[in-house]
Amino acid sequence: KMSTKDFRFAEVFSYESLVHAMAGAVGSVTAMTVFFPLDTARLRLQVDEKRKARSTPAILSEIVKEEGLLAPYRGWLPVICSLCCSNFVYFYCFHSLRASWLRGHKSTPSRDLLMGIAAGVVNVLVTTPLWVVNTRLKLQGAKFRNADIRPTNYSGIMDAFVQIIEDEGVGALWNGTFPSLLLVLNPAVQFMIYEGLKRQLRSLVHRELLSLEIFLIGAIAKAVATTFTYPLQTVQSILRFGQHKQHTDRSPLLNSLRSVMYLLINRVRKYGMLGLFKGLEAKLLQTVLTAALMFLLYEKVASNIFRVMGVKRPASSH
């Protein structure tokens, strides 16, 4: 029989997870909007193999000159919708698992990593169709250097869903799921480093962390995680774009594995090892600044909601 204490714990646990999920979604959407053009530059470099990798400002200047002033914000709405859903699911799962697994015990880097991986797997399986659609919409109308890329004509999010299902089958909505599942290491490593640095710094200064400290910790965590997983992120973008012909003679898992290996090996053959990191500068600039601002906003939003609702923020969430 559930005791009153257990019942209260269950209530606080769900409320806490909801607050963290809302704060994570708000923080990520705001941060991505601010640095969205940097993500546009990164995606072009990953998908358009014949576009020369230059500095991020040069790529953005080229895009604006060829496609118009608003081109760096093309596909903003579907990206923001996907990001909002994705971060809500991830933060909710991460903090739900943390509340249920820790139950008063101290958090450790290995536990943070395991919880991050579990939350990431749930997130990937639920939100991949949204990311496939937003990759297509973000690249629609772009002027590619690679003449083999087929143009698409989607009028919006729902039309993209319908056309992809009709032309390519329902399974195409989960294109890039295999590298995405491998890439759950990215947010898992990021959260592990972020939570670990936060604990270390708090134990040294014995006070609430300053905004600048949170910003820097978030930036360091994301920089390490992004550099570590970047080649797989490139493969993920190419598969989501749907222009790569995948093998269909074996099981879906083997097909996915072959596609990932083929794209990685092909890129190394064409451009050398550095080809695996084409667009990394734009990605690091965008993702590090976005993650740092997201963590800062997330901490502030969550802290203020807890304060307004009169609920003391638990030690496990710090």
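Along the sequence shown, residues carry numbers from 1.
Judged by distance alone, with hydrogens and angles left aside, the side-chain atoms of Q163 form a donor-acceptor pair with the main-chain N or O of N153 at under 3.5 Å. Checked by atom type and distance alone, the side chain of S82 pairs as donor or acceptor with a backbone atom of L130 at under 3.5 Å. A donor-acceptor pair is defined here as one N or O able to donate and one able to accept, closer than 3.5 Å; such a pair exists between the side chain of N87 and the backbone of L83. Between the side chain of T227 and the backbone N or O of V224, no donor-acceptor pair lies under 3.5 Å. In terms of modelled atom types and a separation under 3.5 Å, the side chain of T128 and the main chain of L125 share no donor-acceptor contact.
T33 contributes atom OG1, which lies 11.0 Å from atom CG of D39 (distance to the nearest 0.5 angstrom). For the atom pair CG of L38 and CD1 of I59, the computed distance is 12.0 Å after rounding to the nearest 0.5 Å. Distance check, rounded to the nearest 0.5 Å: CG of L296 to CG of L210 gives 11.0 Å. L173 contributes atom CG, which lies 5.5 Å from atom CD1 of I164 (distance to the nearest 0.5 angstrom). Interatomic distance, CE of M294 versus OG1 of T287, reported as 8.5 Å (0.5 Å rounding).
Side-chain contact between Y230 and L284 is absent, with no heavy atoms from C-beta onward closer than 4.5 Å. Between N123 and C93, the closest side-chain pair of non-hydrogen atoms is not below 4.5 Å. M115 is not listed as a side-chain neighbour of E195, based on a closest heavy-atom distance of 4.5 Å or more. Looking only at side-chain heavy atoms (C-beta outward), K222 and N186 come within less than 4.5 Å of each other. Residues V301 and M22 form no side-chain contact, since every pair of their non-hydrogen atoms from C-beta on lies 4.5 Å or further apart. For the pair L297/V26, no side-chain contact is recorded, criterion being any heavy-atom separation below 4.5 Å from C-beta on. Using a 4.5 Å heavy-atom threshold, the side chains of S211 and K300 count as touching.
If you check the side chains of T229 and Q233, you find a donor sitting under 3.5 Å from an acceptor.
When every heavy atom of I63 is checked against every heavy atom of A71, the shortest pair comes out as CG2-CB, 3.7 Å. Smallest separation of non-hydrogen atoms from A291 and Q190: CB-NE2, 4.1 Å. What you find for P72 and V64 is that their closest heavy atoms are CG-CG2, 3.6 Å. Between R199 and T108, the shortest heavy-atom contact is NH2-C, 3.7 Å. Heavy atoms only, all atoms of each residue included: S17 and S96 are closest at OG-OG, 3.2 Å. Nearest approach of W76 to F36, heavy atoms of both residues: CA-CZ, 3.5 Å.
Hydrophobic cluster of V122: the remaining members, joined at side-chain heavy-atom separations below 4.5 Å, are V89, V126, listed by chain and number.
Sorted by first then second residue, the ring-ring contact (aromatic ring centres under 6.0 Å, His included) pairs that include residues 179-229, not counting sequence neighbours, are Y90-F191, F91-F191, F94-F191, F191-F295, Y194-F295.
Both M192 and V124 are part of a single hydrophobic cluster, where members link through side-chain heavy atoms under 4.5 Å apart. By the criterion of side-chain heavy atoms lying less than 4.5 angstrom apart, applied directly or through intervening Ile, Leu, Val, Met, Phe, Trp or Tyr residues, V79 is grouped together with L77 in one hydrophobic cluster. Residue I217 is grouped with residue L289 when hydrophobic side chains (ILVMFWY) are merged at heavy-atom distances under 4.5 angstrom, including chains of intermediate members. Hydrophobic clustering (ILVMFWY, side-chain heavy atoms < 4.5 Å, transitive): L70 and L60 are in distinct clusters. Linking ILVMFWY side-chain heavy atoms closer than 4.5 Å, directly or via other members, places L209 and L293 in a single hydrophobic cluster.
Aromatic ring orientation, Y298 versus H20: tilted (interplanar angle from 30° to 60°).
Between D112 and K198 no salt bridge is recorded (no basic side-chain N to carboxylate O distance below 4.0 Å). In summary, R307 and E208 do not engage in a salt bridge, as defined by a charged side-chain N under 4.0 Å from a carboxylate O.
Considering only residues two or more places apart in sequence or on other chains, R74 meets the side-chain hydrogen bond (donor to acceptor under 3.5 Å, both in side chains) condition with E67.
Around the CZ atom of R207, the shell of radius 6.0 Å holds more than 12 heavy atoms that belong to other residues, nucleotides or ligands.
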